[in-house]
Amino acid sequence: TIVGYHFFRFPAGNLGVDLFFVISGFLIGGLLIKEFEKDHTINFPLFFFRRVLKICPSYYAYLIFVNILAYLLLFFKGKDRLIPRGDNLSYLFFYKNYIKNTGSWNYDHLWSICVEMHFYIVLPLMIILTGLITKQIKYLFIPVLLLIITGITFKFYTDYNTQFFYYLTHCRIDGLAWGVLLAWITEYKKEQLKKYKRYCFTIIGILIFIVLILVRINFESSVIAPAWVYSLAPFSFFLMILGLLEYNLGQLLFCRIVAKYSYNWYLWHTFILGIIIRKTGLNLAGFVIY
């Protein structure tokens, strides 16, 4: 949805980021919960090192390659596609989402990677602290719920006029927290889930998402609608995934391909988009090539 949104700007396509956050929270939360249950602690340095190995090689390769091409003017009409010199550290150390954009559109989407990296610090430390206080990780749902409330609250107390809240970790952390809550439910509430027709959760989630799209279309200029939309979107994805977990979608070849390559597709899509638009324009032929 994000890749398509950046080409045709179809309504609410950018909410795909919230789906990404929920899935990420679910996967990472599940791994850490299982590790704590097994070892009664989290090896934070090892966990973070593994996430760095997963994220950083492709991330830095993208930054270096696109900047070199911009400098050599192979594809761009000027050096405006370079990362501004004053922004280098913010990209290098993943805090660009807290600095208002001064660079090229080729790098705007990297704000979500910054949010992810911050999450990789917050979640394991939160689990470790919960274990120290309660001695049982099953109480993790309490700080996770507080994290959800925190993210939603910050959305409504941040500058709507610039919609800068869209990029800030403390305003988007609720999406990742919904994913962690999903991991907690599947770990500790398996028997209770069997009492429900889980596809109903998916149906409710889809209906909420449809309403959000309609709100986004009809209240584009409203200062209230964005905060509500970005607060309810991850909840709708939480419900959708909760209803689908009983189906082993990982057996589908398409799902496995998307899971394997989606991160690098996401990294490179704005760069590829810039080249295609210059060659074909914003039309169906360009979209097919894209």
Side-chain angles (χ1 to χ4, degrees), residues 1-30 109 111-112 115-116 119 144-145 147-156 158 160 163 165-169 171-186 189 193 196-250 252 254-255 258-259 262-263 265-266 269 287:
T1 59
I2 290 295
V3 170
Y5 171 76
H6 282 154
F7 194 97
F8 276 137
R9 293 283 171 175
F10 53 85
N14 59 333
L15 296 180
V17 174
D18 294 280
L19 175 58
F20 166 69
F21 284 156
V22 174
I23 292 174
S24 179
F26 171 65
L27 295 175
I28 301 302
H109 62 303
W111 69 268
S112 62
V115 174
E116 278 286 308
F119 172 69
V144 169
L145 288 175
L147 211 56
I148 292 172
I149 294 171
T150 297
I152 293 174
T153 302
F154 273 119
K155 285 186 184 67
F156 287 92
T158 306
Y160 297 116
Q163 291 194 4
F165 75 88
Y166 183 79
Y167 307 102
L168 304 176
T169 300
C171 291
R172 303 308 299 270
I173 197 69
D174 53 306
L176 291 148
W178 278 115
V180 178
L181 183 62
L182 189 63
W184 181 88
I185 290 173
T186 56
K189 299 296 178 181
L193 282 177
Y196 301 97
K197 296 179 179 179
R198 290 171 59 174
Y199 63 85
C200 293
F201 293 120
T202 299
I203 293 173
I204 295 171
I206 292 173
L207 291 175
I208 293 174
F209 188 69
I210 292 173
V211 172
L212 293 180
I213 293 176
L214 295 176
V215 170
R216 198 75 181 95
I217 294 172
N218 292 290
F219 296 93
E220 185 72 29
S221 61
S222 170
V223 297
I224 298 298
W228 279 111
V229 168
Y230 293 123
S231 295
L232 287 174
F235 174 63
S236 70
F237 291 128
F238 164 84
L239 292 175
M240 290 184 209
I241 298 172
L242 181 61
L244 291 172
L245 283 177
E246 60 182 318
Y247 306 103
N248 188 5
L249 299 180
L252 301 177
F254 172 77
C255 291
V258 170
S262 58
Y263 171 52
W265 287 342
Y266 178 74
H269 79 276
F287 185 71

Does [X] have any ring-ring contact (aromatic ring centres under 6.0 Å, His included) partners at least two apart in sequence or in another chain, and if so, which?
X	result
Phe287	Phe7, Phe8
Phe237	Phe209
Phe238	Trp178

List in chain and number order the residues that pass side-chain hydrogen bond (donor to acceptor under 3.5 Å, both in side chains) with [X], two or more places apart in sequence or in another chain; answer none if no residue qualifies.
X	answer
Ser112	Tyr266
Ser236	none
Ser231	none

Between [atom1] of [X] and [atom2] of [Y], what distance do you get to the nearest 0.5 Å?
X	Y	atom1	atom2	result
Asn14	His109	CG	NE2	14.5 Å
Met240	Ile208	CE	CD1	8.0 Å
Trp228	Leu212	CH2	CG	11.0 Å
Ile173	Phe154	CD1	CZ	11.5 Å
Leu242	Thr202	CG	OG1	7.5 Å

Over all atoms of both residues, closest heavy-atom pair of [X] and [Y]:
X	Y	value
Gly29	Ala183	C-CB, 3.9 Å
Gly205	Leu239	CA-CB, 3.9 Å
Gly175	Pro234	CA-CB, 3.6 Å
Ile148	Ala177	CG1-CB, 3.5 Å

Next item on the list: Sorted by first residue and then second, give each salt bridge (Lys or Arg N to Asp or Glu O under 4.0 Å) pair with at least one member in residues 171-182; sequence neighbours left out.
Entry: Asp18-Arg172, Lys155-Asp174
Hey, does [Y] have a side-chain heavy atom less than 4.5 Å from the side chain of [X]?
X	Y	answer
Leu244	Phe201	no
Val211	Leu232	no
Phe235	Ile152	no
Val115	Leu176	yes
Leu181	Ile185	yes

Quick one: list whatever passes side chain to side chain contact (heavy atoms under 4.5 Å, CB included) with [X], sequence neighbours left out.
X	result
Ile203	Tyr199, Leu207
Val258	Phe254, Ser262, Trp265
Thr153	Ile149, Tyr157
Ile23	Leu19, Leu27, Ile241

Next item on the list: Check step by step if side-chain contact (heavy atoms from CB on, under 4.5 Å) holds for Leu245 and Leu182.
Entry: CA-CA 10 Å; Leu245 283 177; Leu182 189 63; 4.1 Å; yes
Checklist line | Pair listing, side chain to side chain donor-acceptor pair (under 3.5 Å) test, anchored in residues 19-29, at least two apart | finding: Ser24-Glu116
